[in-house]
Amino acid sequence: MAGKPPSGDPVQDAPQVDEPQHAAAGLTAIGHTLRMARQQMGVRRTALTLLQVNQKDGFDCPGCAWPEPEHRHRAEFCENGAKAVAEEATLRRVTTDFFAAHPVADLAGRSGYWLGQQGRLTQPVYLAEGAERYEPVSWERAFDIVAGELDALASPDEAVFYTSGRTSNEAAFLYQLFAREFGTNNLPDCSNMCHESSGSALTETIGVGKGSVLLEDLYRADLIIVAGQNPGTNHPRMLSALEEAKANGARIISVNPLPEAGLERFKNPQTAKGLSGRGTALTDLFLQIRLGGDQALFRLLNRLILQTEGAVDESFVAEHTHGYDEFAQAALAADWDETLAATGLDRAEIEEALRMVLDSERTVVCWAMGLTQHKHSVPTIREVVNFLLLRGNIGRPGAGVCPVRGHSNVQGDRTMGIFERPAESFLDALEKEFDFAPPRHHGLDVVRAIRALRDGEAKVFFAMGGNFVSASPDTEVTEAAMRRARLTVHVSTKLNRSHVVTGARALILPTLGRTERDLQGGGEQFVTVEDSMGMVHASRGRLEPAGGRLLSEPAIVCRLARRVLGESSTTPWEEFEKDYATIRDRIGRVVPGFEDFNARVAAPGGFALPHAPRDERRFPTATGLANFTAAPVEYPELPEGRLLLQTIRSHDQYNTTIYGLDDRYRGIRGGRRVVLVNPEDAAALSLDDGTYVDLVSEWQDGSERRAAGFRVVHYPTARGCAAAYYPETNVLVPLDATADTSNTPAGKSVVVRLERT
Ligand SMILES: Nc1nc2c(c(=O)[nH]1)N[C@H]1C(S)=C(S)[C@@H](COP(=O)(O)OP(=O)(O)OC[C@H]3O[C@@H](n4cnc5c(=O)[nH]c(N)nc54)[C@H](O)[C@@H]3O)O[C@H]1N2
Ligand SMILES: Nc1nc2c(c(=O)[nH]1)N[C@H]1C(S)=C(S)[C@@H](COP(=O)(O)OP(=O)(O)OC[C@H]3O[C@@H](n4cnc5c(=O)[nH]c(N)nc54)[C@H](O)[C@@H]3O)O[C@H]1N2
Ligand SMILES: [Mo]
């Protein structure tokens with residue numbers, strides 16, 4: 001039966017549709033926050049927990065990577081941060097009887113939502129080869145099993161060590177150290193599916209793969225362009241920053257195929273005006289672009305800047321950049337008609353954008369997945385860099401690049417060395433500090449790891465958090481790949497689909513979350529994280545752990561490393577487990593910018609990592625200068641009768657974690673199997689609102705993939721474009737459909753046809 005949840009699942013997927021909203025947050029958001037939080041945590045725990053979020057002596061919100069302002073509110077969290085906290089601090093528990101009552105085959109028939117609702121994992125469990133159920137296992141036995149399978153590999157490169165972005169700096173540093181001492185750089189992470197395109201483009205052009213702005217810069221900007229991002233849902237605290245920027249006179253251009261409510265208007269729940277009034281209008285100019293049209297848009301804007309007398313910052317270009325002539329030649333060839341076709345915009349809109357660009361002395365461009373998950377994402381982001389370089393908008397207050405990260409420590413994990421292609425200098429530093437020879441050849445990223453598992457070249461899959469099979473593209477291929485593994489291991493807080501689509505043997509290892517007290521031999525520990533703007537600070541949980549048998553992530557890595565590496569490792573794993581300050585001492589000696597780490601992180605609010613382009617207009621690229629680039633303009637081609645589908649998040653989810661079945665701002669309630677289609681496209685395809693269709697993706701090699709039973713919703717998205725939620729639609733994204741250079745799955749431009757069911 002198309003579109004119905006698996007049998008036995010209490011969740012009904014019966015979407016209802018109202019008008020989309022035009023403002024985000026306000027009182028309704030507070031109501032929703034408290035209701036969801038109380039359902040999971042009860043009244044007392046809700047109050048105690050939420051007041052510790054993002055306070056200087058509290059824990060870092062596990063929601064997103066948006067930074068904390070210097071002057072914090074007593075309630076420095078947002079509706080969706082509160083949901084993330086409630087999801088972790090829930091009072092519900094998965095106990096021993098649970099696995100006895102539910103064979104893996106039963107769990108594999110449940111929805112991700114149902115799995116998550118069962119509560120926190122509380123003890124290590126093991127699925128033996130051929131067994132039907134997970135059974136409790138001691139930690140010692142669990143580590144023996146992992147060690148046994150790792151020892152049996154023909155090469156360390158047959159193991160894959162995945163990381164999701166909630167892992168702390170301390171745990172991430174130990175984890176990559178363990179993987180490299182074991183002998184592999186197979187360290188794929190969620191970043192491969194997320195901002196890898198940003199990292200690739202920025203490293204090549206400005207020499208640092210991270211954003212170049214701090215919060216103060218946003219407050220000082222004249223113009224903020226928000227392209228391919230939905231902060232109202234995914235980074236709600238960013239709306240307060242945009243509100244403050246506007247109060248200081250900034251203007252905002254939103255570039256998006258969807259009119260996202262949070263960018264239209266914001267009712268700040270922390271101010272009286274926001275609670276009672278109409279809130280603040282945020283967007284001054286909305287460019288409703290077609291999916292994948294951004295490179296063309298920025299290319300034409302660059303041509304128009306070049307053609308405006310005095311618009312180029314010539315001294316900056318002369319002193320700090322390379323490749324200008326070639327870029328200018330390419331930009332001057334930008335064509336109006338082609339740009340209008342690629343973007344779906346009209347001439348007047350682009351001219352208005354140009355006026356705002358030329359009026360601005362200080363411009364910031366913010367972006368997220370709308371720019372990173374296309375085939376041509378890397379050249380698109382490079383074009384954004386060209387745009388900023390032209391007017392000297394990098395390395396000066398109030399201006400710069402602002403890729404807004406997702407997971408709360410995804411940027412920190414990369415800084416700590418979670419990367420399949422580590423820099424030589426990083427490996428040199430590890431070698432010197434820990435006295436071993438790290439492998440020098442590159443490892444597998446997410447997509448390559450799936451291929452290796454599929455082809456039997458990788459045999460052990462170990463995940464530090466995340467939900468690999470649901471987050472990855474081409475669900476059926478990925479699940480089949482995972483089932484070929486000898487052993488799959490997940491260090492997790494909550495149950496998810498990756499625990500029930502397993503290798504021949506499987507382990508689930510329960511771990512502490514951010515909100516929980518972490519007591520070790522050396523006393524109470526804290527960990528550190530790095531936000532989207534390169535600020536590093538401490539995070540300290542206060543709640544009682546969800547169960548007595550949980551281990552922290554650093555403790556799990558230390559014990560595993562001791563068991564697997566044995567005498568061959570001279571690293572003081574035992575000491576690291578007892579006292580995380582000793583880990584930070586080592587990080588300080590290995591990772592640039594972390595010198596004197598323990599002392600500096602003691603300061604309330606933490607410290608900023610150095611960023612050469614931002615701090616001193618120094619560009620550590622191959623040329624030693626900021627690089628202009630001149631790639632050909634690309635945009636997706638759409639065959640007749642087809643739509644270009646983007647896979648997005650609803651308001652009630654955190655990636656693969658589904659909190660609820662509503663997407664309030666978009667007016668969707670009670671279900672997730674919806675496809676948003678422009679009414680004119682729908683009319684051309686004779687699809688009334690409410691029609692049920694299968695989404696069928698068509699890939700270049702002639703193969704097709706199907707996601708069944710979606711309700712058509714007439715929605716004001718750009719022409720030719722459609723949108724549906726991830727992870728339900730990951731089945732449609734071919735494994736080979738990735739961004740050039742970064743290899744990020746192209747989940748924002750999938751060619752589909754809609755087949756009536
Ligand atoms: N509550 C909540 N918070 C989250 C997450 C969550 O799932 N829930 N996830 C976290 C993570 S890991 C991440 S990476 C971030 C994701 O944050 P976002 O990137 O905001 O997430 P998406 O839902 O993928 O939204 C993509 C946005 O880009 C637009 N877009 C898509 N394609 C294009 C395009 O071609 N051009 C332009 N200009 N726009 C386009 C879409 O319409 C949409 O507004 O959020 C983080 N925060
Ligand atoms: N089609 C499509 N696919 C996408 C995307 C898209 O936009 N479209 N977005 C991509 C992006 S941006 C990302 S970042 C990835 C996300 O990929 P992942 O990071 O792999 O997925 P999550 O859903 O965030 O992982 C949730 C799980 O993490 C575990 N967890 C939560 N907190 C902790 C913790 O503190 N410690 C540990 N050990 N485990 C914890 C829980 O068990 C939970 O079930 O998905 C990608 N996939
Ligand atoms: Mo992400």
Side-chain angles (χ1 to χ4, degrees), residues 24-25 54-56 60-61 64-78 81 210-227 229-232 234-255 262-274 279-285 356-357 359-368 384 387-388 391-405 411 530-537 603-611 613-617:
N54 293 335
Q55 297 301 320
K56 288 178 178 166
D60 181 62
C61 180
C64 74
W66 190 256
E68 280 71 56
E70 181 51 32
H71 302 290
R72 300 169 197 213
H73 293 274
R74 190 65 189 108
E76 189 59 48
F77 59 89
C78 66
K210 300 180 183 182
S212 73
V213 302
L214 297 171
L215 272 181
E216 299 90 275
D217 294 307
L218 276 187
Y219 301 151
R220 293 171 75 168
D222 295 327
L223 176 66
I224 301 171
I225 301 181
V226 183
Q229 194 198 346
N230 177 22
N234 298 313
H235 305 92
R237 287 180 304 118
M238 178 174 170
L239 300 184
S240 321
L242 293 178
E243 185 184 40
E244 183 158 345
K246 285 223 74 159
N248 295 342
R251 294 206 280 173
I252 296 178
I253 301 179
S254 305
V255 188
L263 284 170
E264 289 181 56
R265 190 167 272 283
F266 175 50
K267 298 185 190 174
N268 192 337
Q270 280 153 350
T271 62
K273 181 173 158 244
T280 311
L282 291 181
T283 293
D284 296 278
L285 176 67
M356 291 168 73
V357 168
D359 279 351
S360 165
E361 284 295 309
R362 295 176 293 272
T363 300
V364 173
V365 183
C366 301
W367 71 88
V384 170
F387 167 81
L388 290 168
R391 290 179 49 77
N393 276 313
I394 290 189
R396 109 163 110 82
V401 283
C402 183
V404 182
R405 306 274 160 178
Q411 185 158 318
E530 174 186 343
D531 66 32
S532 199
M533 294 182 175
M535 298 291 299
V536 177
H537 62 87
F607 61 94
L609 288 175
H611 188 290
R614 179 192 69 209
D615 304 335
E616 30 175 334
R617 281 201 160 171

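Throughout, residue positions are numbered sequentially from 1 according to the sequence presented.
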Tell me the closest heavy-atom pair linking [X] and [Y], and the distance in Å.
{"X": "Ala281", "Y": "Lys246", "answer": "O-CD, 3.4 Å"}
{"X": "Ala221", "Y": "Val364", "answer": "CB-CG2, 4.0 Å"}
{"X": "Gly279", "Y": "Lys267", "answer": "CA-CG, 3.9 Å"}
{"X": "Ala241", "Y": "Leu215", "answer": "CB-CD2, 4.1 Å"}
{"X": "Gln229", "Y": "Cys366", "answer": "OE1-CB, 3.8 Å"}
{"X": "Tyr219", "Y": "Asn248", "answer": "O-ND2, 2.9 Å"}

Any donor-acceptor pair under 3.5 Å from His611 side chain to Arg614 backbone:
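It does hold such a pair.
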Can any side-chain N or O of Ser532 pair as donor or acceptor with the backbone N or O of Pro403 at less than 3.5 Å?
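Yes; at least one donor-acceptor contact below 3.5 Å.
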Rounded distance [0.5 Å steps], [atom1] in [X] versus [atom2] in [Y]:
{"X": "Leu263", "Y": "Ser254", "atom1": "CG", "atom2": "OG", "value": "4.0 Å"}
{"X": "Arg391", "Y": "Glu361", "atom1": "CZ", "atom2": "CD", "value": "6.5 Å"}
{"X": "Leu388", "Y": "Ile394", "atom1": "CG", "atom2": "CD1", "value": "5.0 Å"}
{"X": "Asp531", "Y": "Cys61", "atom1": "CG", "atom2": "SG", "value": "12.0 Å"}
{"X": "Asp615", "Y": "Leu609", "atom1": "CG", "atom2": "CG", "value": "10.0 Å"}
{"X": "Gln411", "Y": "Lys210", "atom1": "CD", "atom2": "NZ", "value": "5.0 Å"}

Heavy-atom side-chain proximity of [X] to [Y] below 4.5 angstrom:
{"X": "Leu223", "Y": "Val357", "value": "yes"}
{"X": "Phe266", "Y": "Ser240", "value": "yes"}
{"X": "Val384", "Y": "Trp367", "value": "yes"}
{"X": "Val536", "Y": "Glu530", "value": "yes"}
{"X": "Glu244", "Y": "Leu218", "value": "no"}

Crowding at CZ, Arg265 (>12 non-hydrogen neighbours, <6.0 Å)
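Atom CZ in Arg265 is packed in, count exceeds 12.
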Go through Met533 and Cys402 one step at a time and tell me if the side chain to side chain contact (heavy atoms under 4.5 Å, CB included) criterion holds.
CA-CA 8 Å; Met533 294 182 175; Cys402 183; 4.0 Å; yes
Would you please test Met356 and Ile225 for side chain to side chain contact (heavy atoms under 4.5 Å, CB included) and show each step?
CA-CA 10 Å; Met356 291 168 73; Ile225 301 181; over 6 Å; no
When you check the gap from the basic side-chain N to the acidic O, do Asp359 and Arg251 get nearer than 4.0 Å?
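Yes, this pair counts.
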Test applied, side-chain contact (heavy atoms from CB on, under 4.5 Å); reference residue, Arg362; option that passes from Asp222, Asp217, Ile224:
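Answer after filtering Asp222, Asp217, Ile224: Asp222.
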